[in-house]
Amino acid sequence: MSAESAESTDDVREAERDAIVAALAPVVEGLVATFGSLCEAVVHDYRRPEKSVVAIAGAVTGRSVGGSMSEIGMGMLARGDAAADELNYLTRTQDGKLVKSSTMLLRDGGGAVFGALCVNLDITAVQQASALIGELAGVAVRPEVPTTTFGDDVESVVSSIVDSHQLRQSRPWSELDRDARVALFRGLDDQGVFAVRGAVPQVAARLGISRASAYSYLAKSRAQDAPPPGPDTSPGAPA
């Protein structure tokens, strides 16, 4: 394929993606009008992860157009075209709301993931009522629900992910050995952190290390995940 043909194909694909995003903008308004004030609907454009929110209705997470994706979105971004829809999962906002969510991926005609339509339903009151009934019946069970960072700035989301990974290590960065440090960076990379522009310097600042060290640990983590080289099949190579 010539360079001109490739460029034309890319233009067509981008136009298709733009059209899908534009078509979904009124859909979010319709969803919230149907389900009421406890519902929020969001269209994310993964082509701009730092400001992925391109359409939003409702106010469950407090975001606005130009806001960033959450940890969940970054994980989707990291999985790329291998990602799958996540439906009816529970999360908790930083101000304590219990939210039932579904993330439905947007794909172009070639099957490439480029965004998502998300629906968030504030079920805090429902959960409280359920807990009360459970307590009265003597069968109350309070599930552990992870807290998710929702905000208009991606820096807060990145910082939250870094802090979460450090907590799982149960030791401060200074006490981690080389393998644990590399594993921490691998975990951040798997969660899509480094797909965000400027994430490496931010992670370095959060951990209290130099940018050079952060880039070095990231390179080491990716080198460990790289597949081993195949056999030498060049002419004269040993069989």
Side-chain angles (χ1 to χ4, degrees), residues 3 6-7 10 13-14 17 44-53 66-84 86 103 105-108 110-116 146-234 237-238:
E7 184 176 350
D10 288 343
R13 179 171 294 180
E14 288 302 302
R17 293 173 175 178
H44 286 281
D45 188 338
Y46 289 171
R47 295 173 292 178
R48 38 186 291 181
E50 300 84 8
K51 298 182 181 294
S52 68
V53 178
S68 68
M69 63 179 61
S70 68
E71 295 98 316
I72 297 161
M74 286 187 181
M76 292 282 197
L77 186 63
R79 293 190 289 275
D81 296 343
E86 293 192 18
T103 299
L105 296 168
L106 306 181
R107 298 178 185 268
D108 60 25
V113 172
F114 70 93
T147 298
T148 300
T149 304
F150 297 101
D152 279 338
D153 63 289
V154 74
E155 289 80 7
S156 62
V157 180
V158 170
S159 295
S160 177
I161 296 175
V162 173
D163 293 347
S164 175
H165 277 264
Q166 279 205 282
L167 284 173
R168 286 200 291 271
Q169 296 285 348
S170 301
R171 289 173 293 167
W173 174 265
S174 60
E175 295 179 9
L176 298 180
D177 59 23
R178 176 185 176 280
D179 289 344
R181 293 182 177 189
V182 172
L184 189 150
F185 269 79
R186 184 184 304 112
L188 295 176
D189 201 17
D190 288 344
Q191 211 162 340
V193 168
F194 298 113
V196 175
R197 187 181 300 111
V200 173
Q202 186 185 342
V203 169
R206 196 71 176 177
L207 295 174
I209 62 177
S210 68
R211 294 186 181 189
S213 294
Y215 279 110
S216 176
Y217 283 117
L218 178 58
K220 288 183 174 67
S221 71
R222 289 177 172 175
Q224 287 184 357
D225 289 340
D232 185 357
T233 57
S234 59

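In this chain, residues are counted from 1 in sequence order. The model shown is predicted, which means the values in this text are computed figures rather than measured ones.
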Of all heavy-atom pairs between [X] and [Y], which one has the smallest distance, and what is that distance?
X: Ser52; Y: Met69; value: OG-N, 3.2 Å
X: Gln202; Y: Val158; value: NE2-CB, 3.6 Å
X: Met76; Y: Ala84; value: CE-O, 3.3 Å
X: Pro49; Y: Leu77; value: CB-CD2, 3.8 Å
X: Asp190; Y: Ala78; value: O-CB, 3.1 Å
X: Ser68; Y: Glu50; value: CB-O, 3.8 Å

Completion exercise
d(Glu86 CD, Thr103 OG1) to nearest 0.5 Å is 6.5 Å
Practice task
Look up atom CG in Leu188 and atom CZ in Arg206, then write down how far apart they are to the nearest 0.5 Å.
Solution key: 12.0 Å
Using side-chain heavy atoms (C-beta onward) and a distance below 4.5 Å, is [X] in contact with [Y]?
X: Pro201; Y: Tyr215; answer: yes
X: Phe114; Y: Arg13; answer: no
X: Arg222; Y: Asp189; answer: yes

Practice task
Report the relative orientation of the aromatic rings in Trp173 and Phe185; use parallel for angles under 30°, tilted for 30 to 60°, perpendicular for over 60°.
Solution key: perpendicular
Handout entry: Polar side chain donor-acceptor pair, Ser213 to Ser216, under 3.5 angstrom
Key = no
Practice task
Take Val53 and His44 through the test side-chain contact (heavy atoms from CB on, under 4.5 Å) and record every step on the way to the result.
Solution key: CA-CA 5 Å; Val53 178; His44 286 281; 3.6 Å; yes
Quick one: does any side-chain atom of [X] pair with a main-chain N or O of [Y] as donor and acceptor, under 3.5 Å?
X: Arg79; Y: Ala82; result: no
X: Arg181; Y: Leu176; result: yes
X: Asp81; Y: Val113; result: yes

Handout entry: Residue that, paired with Val203, satisfies side chain to side chain contact (heavy atoms under 4.5 Å, CB included) out of Ile209, Leu184, Val193, Ile161
Key = Val193
Handout entry: Intermediate values then yes/no, side-chain contact (heavy atoms from CB on, under 4.5 Å), Met74 and Glu71
Key = CA-CA 5 Å; Met74 286 187 181; Glu71 295 98 316; 5.6 Å; no
Problem - Heavy atoms of other groups near Arg47 CZ, more than 12 under 6.0 Å - result: yes
